[in-house]
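Note that the structure is a prediction, hence the values are computed from the model and not measured. Residue numbers count from 1 along this sequence.
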Amino acid sequence: MNIACIQMDIAFGAPEKNKQTIVRYMEQMARDVDVVVLPELWTTGYDLTRLTDIADENGEDTKTFLSSLARTYDVHIVGGSVAKKTDKQMTNTMYVVDRHGHVVSEYSKLHLFKLMDEHTYLQAGETLGVFELAHTTCAGVICYDIRFPEWIRAHTLHGAEVLFVVAEWPLARLHHWRTLLMARAIENQCYVVACNRAGKDPNNTFAGHSMIIDPWGNVLAEGDEQEAIISANIDISEVQHVRGRIPIFADRRPDVYKIFEKKD
């Protein structure tokens with residue numbers, strides 16, 4: 001499976017301009033790509049104070065846009081995330097579409113990042129991000145989610161072999177980004193495909209360094225801090241090979257873990 005991450009600079013609060021950037025990158029993409037991954041909040045960036053005006057109503061515009069791209073370029077798309085607006089709430093939501101343009105997953109960010117005021121403007125999700133893509137069980141999570149290893153493990157316990165991470169991770173914590181991603185790959189014995197944004201907004205400079213990591217924790221591809229397409233071929237059979245060599249899933253002791261869980 002050939003996977004490509006679009007590590008783009010996001011125009012602050014400008015959905016139409018950002019869609020044009022995506023189209024430009026899709027036109028440059030190698031024709032043997034199977035899956036394209038976009039970054040977090042790629043339509044608006046963290047222009048949270050204006051979400052009432054610029055968020056996507058029920059995600060309809062995003063779903064239509066991604067579905068059209070998927071059919072045109074014959075690729076699966078892990079569509080980063082966008083601000084989705086309903087009559088009741090606003091969420092940070094990932095859509096995944098297959099190469100036929102069908103929406104196969106919708107996941108809203110579970111862990112809201114208070115340091116960037118997400119909790120003020122957004123509602124947290126409440127569902128797993130597991131989905132099937134190209135006959136492979138995958139999962140999608142968003143940025144801050146990777147700091148919660150129990151949440152990532154919940155997805156691999158449901159069979160995920162590829163973990164897609166989409167983010168707007170700041171440069172100031174680049175070391176955390178790289179370390180956490182490699183740890184999540186090693187401890188879950190899965191591929192991690194992480195697409196971060198590049199560039200700046202009025203409040204932050206972002207890290208870039210999108211990464212594709214194998215189940216041993218080896219980095220197969222990594223960007224720098226500039227806009228780029230980061231790609232690598234992954235062999236899904238390697239997941240079961242690694243899990244067979246060091247059988248951590250078989251050796252788990254959840255019966256004992258429960259004894260020591262702190263009670264409220």
Side-chain angles (χ1 to χ4, degrees), residues 3-27 29 33 35-110 112 116 118 121-133 138-143 145 164-168 193-197 199 201 210 229:
I3 299 177
C5 299
I6 297 180
Q7 181 175 290
M8 60 184 281
D9 190 1
I10 296 170
F12 196 66
E16 292 304 315
K17 184 174 181 179
N18 289 315
K19 284 194 287 186
Q20 292 171 13
T21 299
I22 295 295
V23 170
R24 173 168 55 83
Y25 273 112
M26 293 295 293
E27 290 172 347
M29 199 81 65
V33 170
V35 183
V36 173
V37 190
L38 310 183
E40 179 184 18
L41 292 178
W42 63 267
T43 55
T44 61
Y46 267 88
D47 191 358
L48 301 182
T49 63
R50 294 200 304 129
L51 287 186
T52 301
D53 298 321
I54 61 177
D56 188 0
E57 189 80 37
N58 295 310
E60 293 301 329
D61 186 63
T62 300
K63 288 182 282 187
T64 298
F65 177 71
L66 295 177
S67 295
S68 176
L69 283 181
R71 291 191 299 269
T72 298
Y73 294 97
D74 190 30
V75 293
H76 308 290
I77 301 177
V78 177
S81 74
V82 299
K84 173 190 174 183
K85 176 173 63 176
T86 70
D87 57 355
K88 295 182 179 180
Q89 63 182 6
M90 204 92 66
T91 55
N92 184 345
T93 299
M94 171 191 292
Y95 293 105
V96 180
V97 299
D98 67 17
R99 63 188 347 132
H100 304 295
H102 301 135
V103 177
V104 298
S105 179
E106 177 177 337
Y107 166 76
S108 293
K109 189 174 187 177
L110 187 77
L112 299 180
M116 292 175 73
E118 284 191 323
Y121 300 96
L122 302 167
Q123 296 294 316
E126 296 180 342
T127 61
L128 280 175
V130 175
F131 57 91
E132 295 291 319
L133 200 64
C138 304
V141 297
I142 301 173
C143 203
D145 284 334
F164 292 96
V165 180
V166 304
E168 290 205 33
V193 178
C195 184
N196 195 26
R197 70 161 290 182
D201 71 11
S210 298
I229 296 173

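- Put simply, SG on C143 and CG on N196 are 7.0 Å apart, with the number rounded to the nearest 0.5 Å.
- No donor-acceptor pair closer than 3.5 Å links the side chain of S68 to the backbone N or O of T64.
- Counting heavy atoms from C-beta outward, P39 and V166 have side chains that stay 4.5 Å or more apart.
- Contact check for V97 versus K63: no side-chain heavy atoms found under the 4.5 Å cut-off.
- Residue E126 places its CD atom among 12 or fewer non-hydrogen atoms of other residues, nucleotides or ligands, all under 6.0 Å distant.
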Inset, instruction - Under the side chain to side chain contact (heavy atoms under 4.5 Å, CB included) rule, what do E132 and D98 come out as? Steps first, then yes or no, please. - result: CA-CA 9 Å; E132 295 291 319; D98 67 17; over 6 Å; no
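- Formation of a donor-acceptor pair under 3.5 Å by the S67 side chain with backbone atoms of G101 is found in this model.
- Side-chain contact check for F164 versus I3: some heavy-atom pair is nearer than 4.5 Å.
- No side-chain heavy atom of T127 sits less than 4.5 Å from a side-chain heavy atom of E106.
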Inset, instruction - Please lay out, stage by stage, how L41 and S81 fare under the test side chain to side chain contact (heavy atoms under 4.5 Å, CB included). - result: CA-CA 5 Å; L41 292 178; S81 74; 4.1 Å; yes
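- Contact of the K19 side chain with the D61 side chain is registered, since non-hydrogen atoms from C-beta on lie closer than 4.5 Å.
- Atom-to-atom distance recorded for C5:SG and Y25:OH is 12.5 Å, nearest 0.5 angstrom.
- Pairing each heavy atom of C138 with each of L133, the nearest pair is SG-CB, 4.2 Å.
- Rounding to the nearest 0.5 Å gives a distance of 6.0 Å between CE of M116 and CD of E168.
- Taking OG1 of T91 as the start and NZ of K85 as the end, the distance is 12.0 Å to the nearest 0.5 Å.
- A donor-acceptor pair shorter than 3.5 Å cannot be found between the side chains of Y95 and D56.
- Across D145, L128, V130, a single residue satisfies side-chain contact (heavy atoms from CB on, under 4.5 Å) together with Y107, and that is D145.
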Inset, instruction - For side chain to side chain contact (heavy atoms under 4.5 Å, CB included), just list the numbers for T72 and M26, CA-CA rounded to whole Å, side-chain angles, deciding distance to a tenth of an Å, and then say yes or no. - result: CA-CA 10 Å; T72 298; M26 293 295 293; over 6 Å; no
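- No side-chain heavy atom of V78 sits less than 4.5 Å from a side-chain heavy atom of H76.
- Ion pairing between a basic and an acidic side chain is recognised when a charged N comes within 4.0 Å of a carboxylate O; R24 and E27 show no such pairing.
- Although no hydrogens or angles enter the test, the distance criterion places no donor-acceptor pair under 3.5 Å between the side chain of Q89 and the main chain of Q123.
- Across all their heavy atoms, M29 and A4 have their closest contact at SD-CB, 3.7 Å.
- Minimum heavy-atom separation, L112 to A124: CD1-N, 3.6 Å.
- Heavy-atom minimum distance, C195 versus I6: SG-O, 3.3 Å.
- Under the 6.0 Å cut-off for aromatic ring centres, F65 and W42 qualify, their centroids lying closer than that.
- I54 CD1 to T49 OG1: the interatomic distance, rounded to the nearest 0.5 Å, is 8.0 Å.
- One finds the OG1 atom of T21 at 8.5 Å from the CG atom of D9 (value rounded to the nearest 0.5 Å).
- The heavy-atom pair separating T52 from M90 by the smallest distance is N-CE, 4.0 Å.
- Here the side chains of M8 and N18 are in contact, with some heavy-atom distance below 4.5 Å.
- Between L38 and L66 there is a side-chain heavy-atom pair separated by less than 4.5 Å.
- Under the salt bridge (Lys or Arg N to Asp or Glu O under 4.0 Å) criterion, K109 pairs with E40, E118, not counting sequence neighbours.
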